[in-house]
Chemist: 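I have a structure I would like to understand better, so I am pasting it below and will then ask my questions one at a time.
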Amino acid sequence: MSITGGDIVDLGTGLYAWMPPKRGWGLANCGLLVSPRGALWIDTPYDPVLAGEFLVESQKRLPDGVSVDRVIVTHANGDHFWGAGVLPDAEIIVTREAREHIHYDPTPQQQHALVAGSDPSTPLGAYLGRHFGGFDWSATEAVTPTTYFTGELELTLGDYAVQVSSLPPAHTAGDLMVYLPSQRTAFSGDVIFSSTPEQPGDHPVHWAGPLAHVIDACERVLATGAEVIVPGHGPVLDRAGVREHMAYLDHVRERAHALHAAGVPATEAARRVIAEGRYPALGLPERLVVTIGSEYRHLDGSELPGVLDVMAEVAAVAREIEPPREGGAA
Ligand SMILES: [Zn+2]
């Protein structure tokens with residue numbers, strides 16, 4: 001069954017945030033900026049169903065004769081750009097470095113085959129089915145970006161400035177952030193996964209790292225002067241919310257370094273940090289396997305393993321920590 005039912009939030013001055021219906025893997029926030037002379041998206045939803053919903057909501061807010069003809073993609077994970085197929089003529093802007101991550105991740109067709117063909121009797125198959133089975137990429141073509149840049153890119157949309165900055169490797173190789181000075185709003189992409197007491201989020205998942213770069217990227221978001229911060233996932237934050245998130249990142253970094261120094265292997269380190277239970281409200285604690293694994297690679301100088309090997313470890317740890325669900329393995 002498809003996931004539907006996102007919500008569009010008016011942030012004022014022509015700016016909107018589209019928020020997915022729930023937390024979880026692949027459910028990312030997007031932006032819509034509308035002026036009398038054009039409109040753009042910041043990121044797209046994960047599959048054509050959700051992207052189509054966001055497009056309908058966007059079109060309700062566009063002046064006559066204006067269409068969404070540009071998409072700024074904060075990074076090359078599918079949950080931020082595979083929905084671009086609903087805008088076949090749009091310019092797709094990514095960092096030059098994002099290309100590297102496009103080749104690391106599966107294509108939409110590969111991911112569709114993987115999820116549809118997954119064996120629910122294995123931990124990985126059950127995990128993929130449970131967390132990715134609600135998306136539909138059966139007819140999704142790989143998205144080819146049209147514009148690459150590194151450094152700073154200054155766009156204008158009507159009277160609005162749009163400041164796009166590439167970031168050193170953090171969540172992925174090839175992240176960028178967007179600052180909208182007229183709206184005092186930043187879109188951070190996945191260098192921030194937010195959570196508030198009213199709207200708990202998930203543990204972040206960082207594929208590149210090191211965490212010091214993720215923390216630096218949060219500083220750069222704050223250095224724009226933004227008052228409103230739309231993270232890649234989770235509720236909209238104020239500046240204090242970003243500082244709180246940085247404390248989470250500091251904590252994970254500190255624990256990873258201490259456990260590495262004590263000779264504890266990466267996945268075991270993730271198990272221990274999960275067991276310490278410092279952030280009980282956050283979902284998907286098994287994602288610490290990825291983030292701590294990335295941090296260890298920077299400490300060890302080791303290579304990034306294949307994404308399926310990483311996900312198999314994530315699924316195995318998820319199975320250890322989750323109580324069995326009623327109604328069977330999946
Ligand atoms: Zn994401």
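First listed ligand is number 1; within each ligand, the first listed atom is number 1.
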Chemist: Could you check whether H75 and H101 have their ring centres less than 6.0 Å apart?
Modeler: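 No, ring centres 6.0 Å or more apart.
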Chemist: Do you see an N/O/S atom of H80, backbone or side chain, under 2.8 Å from the Zn ion (ligand 1)?
Modeler: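 It does: H80 brings an N, O or S atom closer than 2.8 Å to the Zn ion (ligand 1).
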Chemist: What distance do N77 atom CG and W207 atom CH2 have between them, rounded to the nearest 0.5 Å?
Modeler: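 CH2 of W207 is found 7.5 Å from CG of N77.
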Chemist: Check all N, O or S atoms of D79 and name the one closest to the Zn ion (ligand 1).
Modeler: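 Nearest N/O/S atom: OD2.
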Chemist: Of the backbone and side-chain N, O or S atoms of H75, does one lie nearer to the Zn ion (ligand 1) than 2.8 Å?
Modeler: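 Within the cut-off used here (under 2.8 Å), H75 places no N, O or S atom near the Zn ion (ligand 1).
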Chemist: Run through D43, V228, L15, N29 and flag the one making a side chain to side chain contact (heavy atoms under 4.5 Å, CB included) with F187.
Modeler: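 For F187, the side chain to side chain contact (heavy atoms under 4.5 Å, CB included) test succeeds with only one of D43, V228, L15, N29, which is L15.
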Chemist: To make sure I understand the geometry: which N, O or S atom in H233 is closest to the Zn ion (ligand 1)?
Modeler: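 Output for this pair reads NE2.
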Chemist: Run through H171, H245, H203 and flag the one making a ring pair (Phe, Tyr, Trp, His ring centres under 6.0 Å) with F193.
Modeler: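 The passing option is H171.
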Chemist: Output yes when D10 and R61 qualify as a salt bridge under the 4.0 Å nitrogen-oxygen rule, no when they do not.
Modeler: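 No, no charged N to carboxylate O under 4.0 Å.
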Chemist: Of all N, O or S atoms in D190, which has the smallest distance to the Zn ion (ligand 1)?
Modeler: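 The nearest such atom is OD2.
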